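Per chain, numbering begins at 1; letters A, B, ... match sequence-line order. Because only heavy atoms are used, hydrogens play no part in the values below, and waters and symmetry mates are left out as well, while side chains stay in. Because the structure is a prediction, the values reported are computed rather than measured.
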Protein chains: 2
Amino acid sequence: MVFRQRLSASARRAQLIDVARVVFAKRGYEAASLEEIADRAKVTRPVVYEHFGGKEGLYAVVIDREMEYLVRRIAEAMASGTPRERIEGAALAFLTYVKDHPDGFAVLTHDAPATTAGGGMSSLLNDVAERVGDVFIASFKAAGYDPKAAPIYAHALVGMVTFVGQWWTDTRKPSVEEVAAHISALAWMGLRHLPKKPAKLTAKKA
Amino acid sequence: MVFRQRLSASARRAQLIDVARVVFAKRGYEAASLEEIADRAKVTRPVVYEHFGGKEGLYAVVIDREMEYLVRRIAEAMASGTPRERIEGAALAFLTYVKDHPDGFAVLTHDAPATTAGGGMSSLLNDVAERVGDVFIASFKAAGYDPKAAPIYAHALVGMVTFVGQWWTDTRKPSVEEVAAHISALAWMGLRHLPKKPAKLTAKKA
DNA sequence: CGTGTAACTTACGTCACTGTAGGTTATCGT
DNA sequence: ACGATAACCTACAGTGACGTAAGTTACACG
């Protein structure tokens, strides 16, 4: 006979969010079922409805938490330093997130539910790219580049690190520092001037 | 009273594939229903089962067709020329595909069904990146680079163009040639040596 | 030591979709 | 013109998930 522990509202809420993140990561939004989430939390479905109103509500909370965290980390990494250091820092921050929060990353890469009837599905990471784009616009103006091109580069960089992150999740072979060095070398120097062995960035504190 | 045209087996098959691509593009695999596909084709569900055995079978055919086409186009674009021309050609080929076959592209970017119980979901474009990686390994060896890093760059480039392609699908503002010029400039020269206005590649015949 | 409230469960109704069995109609070849 | 066959449809059974109503149990607090 298992002890069916009875948790406080906030504790159960937190636990459900954790469990939901895992399930959404594994199955994607559509294929995930509240049944599985409730089962894993050793609870029945009505509990989930009580706390989050339904599947969409729970998903929204998970997403919001994850986006918040990721964007904050990237923003911190790009807050100071030379342009090159910002790029490398952002790449490292992103890949570190991929390493330390694989489930969260998986949720962000999977399809979001089709909310608005009009368009298709939007990758959550598009939002991240847009925020990066805002940062780029300022830099582009300052450097005399066409600010209309900024979104292109922002999305390109986010796409780079996202795709590499997905690949790295499977292989896990080179360290994130090494991978980040390669990526930022590509982004900064280009294939034309690629160094034989990119120098790793010294790890940041915290 | 609408003429319920009776088609030959192969014609109906072709039509169903076309319709299915649109529906899978809009809804993603999980949320797509054979019901909607059959309705749009002015047919009832059993017809679909007769031809493809079910949802997975139909999806498999759509995917196979699309992958085949995309990979062929990229391979052609990377078949000859200087390294830089190959990069730019590949980017342009990819973006042209995005422009001319938005539904196919959407299908490829959406989640694939979780076939194997073990892992998560695999983006279809990972396969594309792997094939590009094979091409890169040869070039890397020839140029004296570590071939183990080749997959990183391959995935980075595919991710770049994929993400930008997704963004471009929404905005449709700069022409694909312009976008391809920006992307290949980034990939080749890097942010460090970015030109003020990347030169467009002359359009290829056919 | 009761008692009220928060946490949780059992039970139910509904819906959308899948997959299949068996019957119906158009159309092609002769 | 008329059968044979391919193309198609109606109808049904089953499944899994969503969402809700009403009842039950554990725990805090006077």
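Here D:dA13 presents its C1' atom at 13 Å from OH of B:Tyr49, a figure rounded to the nearest Å. Regarding B:Lys55, its NZ atom lies at a distance of 13 Å from the C1' atom of D:dG16, rounded to whole Å. Counting to the nearest Å, the C1' atom of D:dT5 and the CD atom of B:Glu50 are 13 Å from each other.
The aromatic rings of B:Phe140 and B:Tyr153 sit tilted relative to each other, their planes meeting at an angle between 30° and 60°.
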Trace of the ring pair (Phe, Tyr, Trp, His ring centres under 6.0 Å) decision for A:Phe163 with B:Phe163: CA-CA 9 Å; A:Phe163 241 69; B:Phe163 242 68; 7.8 Å; no
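Nearest to the side chain of A:Arg6, among C:dT9, D:dC27, D:dA17, sits D:dC27. Residue B:Ser33 has its side chain nearest to C:dC17 when only C:dC17, D:dA17, D:dT20 are considered. Side-chain atoms of A:Arg45 lie closest to C:dC12 of the nucleotides C:dC12, C:dA7, C:dT10.
Note on B:Val47: only backbone sugar-phosphate atoms sit closer than 4.0 angstrom, heavy atoms only; bases stay farther off. Across all strands shown, A:Thr44 has heavy atoms under 4.0 Å from base atoms, whether or not it also approaches the sugar-phosphate.
Residue order along DNA chain C, read from the 5' end via each residue's closest nucleotide, puts A:Ser10 first among A:Ser10 and B:Glu56. Comparing A:Leu34 and B:Ala9 by the nucleotide of DNA chain D whose heavy atom lies nearest to each, the residue mapping closer to the 5' end is B:Ala9.
A:Arg21 and A:Asp18 are joined by a salt bridge, as a carboxylate oxygen and a charged side-chain nitrogen come within less than 4.0 angstrom of each other. Ion pair A:Glu30/B:Arg27 not flagged as a salt bridge, since none of the NZ, NE, NH1 or NH2 atoms sits closer than 4.0 Å to an Asp/Glu carboxylate oxygen.
The side chain of A:Arg12 places an N or O atom within less than 4.0 Å of a non-bridging phosphate oxygen (OP1 or OP2) of C:dC8.
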